[in-house]
Every structure is written in structure tokens, then in C-alpha cells.
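Values reported hereafter were calculated over all heavy atoms of this structure, with side chains retained and with hydrogens, waters and symmetry mates removed. Predicted model only: the values in this text are computed from it and were never measured.
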Amino acid sequence: MNRLAGETSPYLLQHADNPVEWHPWGEEALERARREDKPILLSIGYAACHWCHVMAHESFEDEETAAVMNKRFVNVKVDREERPDLDSLYMDAVVAMTGHGGWPMTVFLLPSGEPFLGGTYFPPEPRHGLPSFRDVLVAVSDAYRERREDVARQAGTLVDALQRSAAVRPSADPLTESLLGEAERGLRRQFDSEWGGFGGAPKFPPASALEFLLRRYHRTGDEETLAMVTRTLDGMAAGGMYDLLGGGFHRYSVDERWLVPHFEKMLYDNALLASAYLHGWLVTAEERYRHVAEATLDYLLRELRLPDSGFASAQDADTDGVEGLTFTWTADEGVPAELLQPFEHGRSILRGALDEQLRQRLLELRERRPKPLRDDKAIAAWNGLALAALAEAGHRLDRADFLLAARELAEFLLGPLSDEDGRLHRSWRAGRARNPGYLEDYADVANGLYELHVATGELRWLREANRLARLAVELFADGENGGFFLSPADGERLVARKKEFDDHPTPSGNSMLAFVLLRMGRIWGDDELERQAAGVFRLIRDTLGRAPSAFGHALCALDLYLAPPRELAVIGSPRDAIAQAALGGFDPDAVVAFGPAEEVPLLAGKDFVDGRPTLYVCERFACRAPVTEPSQLAAVS
């Protein structure tokens, strides 16, 4: 019996009618594997994944293949977005076995959950050097029955490696400015000076690396550093990976030119890129970057916003089973020929400059087409990234609709996506919250709430950001080696408890929480929070320079850690002239709190001067004379 019909994940529901006897992950599946002495076939993917759809159609919908799976295995389906702990753990195992990873991911486990073999996509017939999926199934099942000791030995070796990787020791070497310079030089070596971005095809949007380079430019004024940012922002926005008609970015480009995208659109990419373009505009004053930031957030509100004020995870790569069908064009649809770049099956991609009248006309035509399916579950972490983008853009661009959406999103995150004890859930769909929150959920939501405080001046959001950051330390901290585990201490026990540090494609929970802890530590005057953040940097210190593009957000956090402390206590509102003058530019090293509020240490004892909105500029709570006029800012900067 297929047991997926009662799930909330759109990905699992896509497989609820398969002839495969799928189980969701859980004790029922594990117990059945133990009772029947069968290996577990674990299949991990996500709803917007093109190759997941392909393998489902070729194999999981095929009666003969399903019969082999049902006879020889206990079959388990997992949505990687709902269970990042399972995905991260077993992806590491697949990479260790094969040298590469991806989705769909297929992993074979002992009934205890220990992996012993795995891969990604398997075709229905042998091709491109890959065996057929059915041949793999038979070979694995035979090996489990006939060579059990070898299988157990392989599983033991893998689990030992996974556990060792989770127990990495901190570096004793100092954390210095030279680490940032070394990382910047590493990015220069990887930089594609013709098209922007880092490395060759395929190209993924490097939002966090761009944020780091903007920080470096702010610190050094090096125009070559800024040029890496602007070349990449311009390249990504030229059309293809960027949707010139409806705004927003597709997942990545299969070529080095940012032209031919993989057509799924993810909430997290668009939230991070909206912020990167907004900051590009703040630094350069180039209106084209402001336009892309606004259009991207407009896309989120139009296409991904849910009725309960959260945001959906993604739009699919496929429409009616054809990749990119919604977003590509034929020559007879009235598009100027110079804007068409060949794709496949006689269809083309839009690239080039469109005037507003043409954009509107083509968008109206496109709106009549079928749209790709939407994965309408709300992930806490990704909604936290959207919250940060909407809040900052709403304030800086004077967009009341963005700020309203941000407030409503914050209420959703602290309401339906939180339990009665104030702990976060991972996901929400169809009126049901699923799974306890993971490290990135707490870190991203806390960061978004802080940005909402800065945008609105409302103290509730600052208090909640501080509460979630401290709760995250309690739930996830490694008291022995430093840093933070992906899953909470009281969460499900897997064969290894992992830490994640890779900031690609989203900031890792470790780097984002370090960033948040530094801000909260400086507002609350709490050195222990800064020490916890430094523990993250010590775990990755020796790899930052070797792979800087993989640690973009960690580098942003380290930059903040090494910067001279700069605290801005504002008694008043973000709309007051003194606040707008102090916070109007790009000042990434400053932490900000709005009051009055005696219970917030940075704000304690600070009040209006002569009844007027007032700014206090401080360094580790040593404050200069308060100012009430924008003309006085130069004296305290």
C-alpha cells in the first residue's frame, strides 16, 4: 500500500498514486525493514526538480519496476526541503561513494538507517555509462541477501566517515583581517571577467559572495572589487536566467552566459538576489539594480504569496511536462527577432532591452498560458530570507506594500509556524505544520525579524529576534567543538548528527546564526553571544581561503566580527530625519536598535533630547554626544 496520501508535501503527494509501496520517513518504515529483513530504498527529491519528474515517470510509475521495488525493498520517499537533516546526511554519503551528488537521490540503507550504496538519477535502460534502475535494484538486493558482511562493513565505513566529518575540531590560529583578503583574492581568481560570476558552466547565482565583495569595497574602496559585483549583477539580469517580463530569477544557468536557465524559480534565490541588487543600488546608485530588486520582490508577492501570508517554496521547472514551456517563445508570437535566443524544440529565450510597453504586452500574452505547478508549502528558513528582503526593501524604497507583507509574514512565522512554546516548525501546508525547526530556520527567521525591527522601529521584532537567536544556541550549540548542529539536541537521532557550513545556494545555519549572534551580542552587550559566533569561524577558518565562493555568508559574518564595533541607538522612528540620514546609505558594519526601551541594554538610559528624535553613535556602549540634526552627523561618524 502506498502511504503518501496523508502527507502535506507536494513532492510526496506527486508520488501518492505510484504503484510503489512508498512510506514517508518514520518508525513504521524502519520497523518494517527490521521485521522483514529488507534493505530500505530511500528516494529524496523535491517538487520543482525536473529530473525527479523524469525518474518518477520512467521508473516509479512503471508497474514492473514498482513490483521489483515492492518485493525486494522497503521504499521511503523524503522531501529534501522538509527534512534537510536527512538530505544532508545521505547526500554526504552519496558524494563519498560516487564523487558527486544531486537530485533525485537514491540511497540504499540497512534497516538501522546506515547507508551502504547510493547514487542520483538512474535511467530505465542502460545509457551514458549508467546501469538501468532495475539492474541496480536486483544487484543491491542480491548483495544484501548474499554478501551481508560486506554490505555491513561498507555501511560501517560510511557511517564512521560521516561521524568524523561532524566532529571537526576548531582551529587555534587567530581570526584576522588577512583571512578576508585571502578570500577576496580567491574570488578574483575564479571570476569570469566576460560574463560575471565565478567559475564556468553551470552557473549558480552567487548572492552571498556578492554581499561579501560589497562589504570589501565598502572597507577598501577597491574599484576592481566593485567591478566583480557589477559585472555579475549585470550579467545575471540580462535575460534568460532573469525573467525580463515577470521579474524574478530562475534557479541557475546551464551555460556560462546566464542565458539558458534551469527554469524552476526558488523562493530563497529570489529573496537573496533581491537583497543583493538592493545593496548594489545603495553602493552604486545605479537605478537598474533598484529596478531588478523591486521587480523580483513584486514577483514574490504576485506568484509565491500564500493566502495565510507565508510564501510558497518554488515554481516548477516544467509546465505540462515540458521544461520552460511557460517562459519560452516561438518566432510567430510577435517578439522582435533580436530579442530571441535559441533554446530547444523551436522555442527561444528572451534576452535584451525591452521598453515598458513591449514588456507589458508580452507579459499579458504569457499570462494566458498554463503556469508551472507551485510547491505551496512554506519553509520557515526561506520565509525568513524573504522577510529580511521585504523589510529592508520596503523601508529603503518607500514601498508600503513590501512593509505590510513583511509584517504579515512575521506574524505568520511567529504564529502558525511556531508552537505554543515559541519553537519554530520547519514547514506549513494545508493548515498543518510539519517537523521541528532546524538551525537555518531559527537563524534566518531571527535575521528577518531583526531587519523588520530596523525597517519599522517596532520593538517586538527585536525582542523576538533576540529570543530566537538565544533559543537556537540552546537547541543547536556544540559545547565541545563549537559551532552548531543542523538538528536540535532533542530531535530525531540519526546515524550521525551533522553540521552544515556551505553557503551555497543559501546561507548555512551556522553562518547566518553567527551573523545574528554578533548583532544581538552588540545590542545586548553580551560577549558570550560573540564568543559563540567566533566558534563557527574557528571551525571553517582553514577552508575559507581555499573555497571562498562556498562560504560567502560566513565571510560576511567574519567581516562583521572583525570590524570595529559600531552601534546606532535611535530614539524615534525610521521615518525621522535623523534616522534616515544615519541609515540611508550602505553601512554593513553598523548594528541598529530603535527605542526608547530600558530593557534593551544598548537603549537603556537613552531618551529623546529636548523632545526630539535622537541618534546615539556608540562603540561597545561608549557613546558620543547625542545628535538630533542630520547636519551634526559628521561630528559623530
Mind checking whether [X] and [Y] have ring centres under 6.0 Å apart?
X	Y	answer
F60	W22	yes
Y268	F311	no
F476	Y442	yes
F212	H553	no
F73	F108	yes

R3 and E28: side chain to side chain contact (heavy atoms under 4.5 Å, CB included), yes or no, with the steps? CA-CA 11 Å; R3 294 163 174 81; E28 179 185 346; 2.9 Å; yes
Short N-O contact, [X] and [Y], less than 4.0 angstrom:
X	Y	answer
E440	R426	yes
E451	R519	yes
R423	D421	no

Which one of K498, R169, K499 satisfies the salt bridge (charged side-chain N to carboxylate O under 4.0 Å, His left out) criterion with D478?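 That would be K499; it is the only one of K498, R169, K499 passing the salt bridge (charged side-chain N to carboxylate O under 4.0 Å, His left out) with D478.
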Looking only at atom types and distance, does a side-chain atom of [X] sit under 3.5 Å from a main-chain N or O of [Y], one as donor and one as acceptor?
X	Y	answer
D37	A33	no
D375	K377	yes
R374	E303	yes
K38	L110	no

Using the side-chain contact (heavy atoms from CB on, under 4.5 Å) criterion, which residues pair with A406? Sequence neighbours excluded.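 So A406 forms a side-chain contact (heavy atoms from CB on, under 4.5 Å) with L387, L390, A391, L452.
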Between F204 and Y252, does a ring pair (Phe, Tyr, Trp, His ring centres under 6.0 Å) hold up when you go through it step by step? CA-CA 5 Å; F204 291 81; Y252 63 87; 4.4 Å; yes
With side-chain hydrogen bond (donor to acceptor under 3.5 Å, both in side chains) as the rule and sequence neighbours excluded, what pairs involving residues 106-117 come up?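 side-chain hydrogen bond (donor to acceptor under 3.5 Å, both in side chains) check on residues 106-117 returns S112-E114.
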Within 45° of the ring axis of W103 and under 6.0 Å from its six-membered ring centre, is that where the NZ or CZ of R80 lies?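 Yes; both conditions hold, so R80 lies above the ring face of W103.
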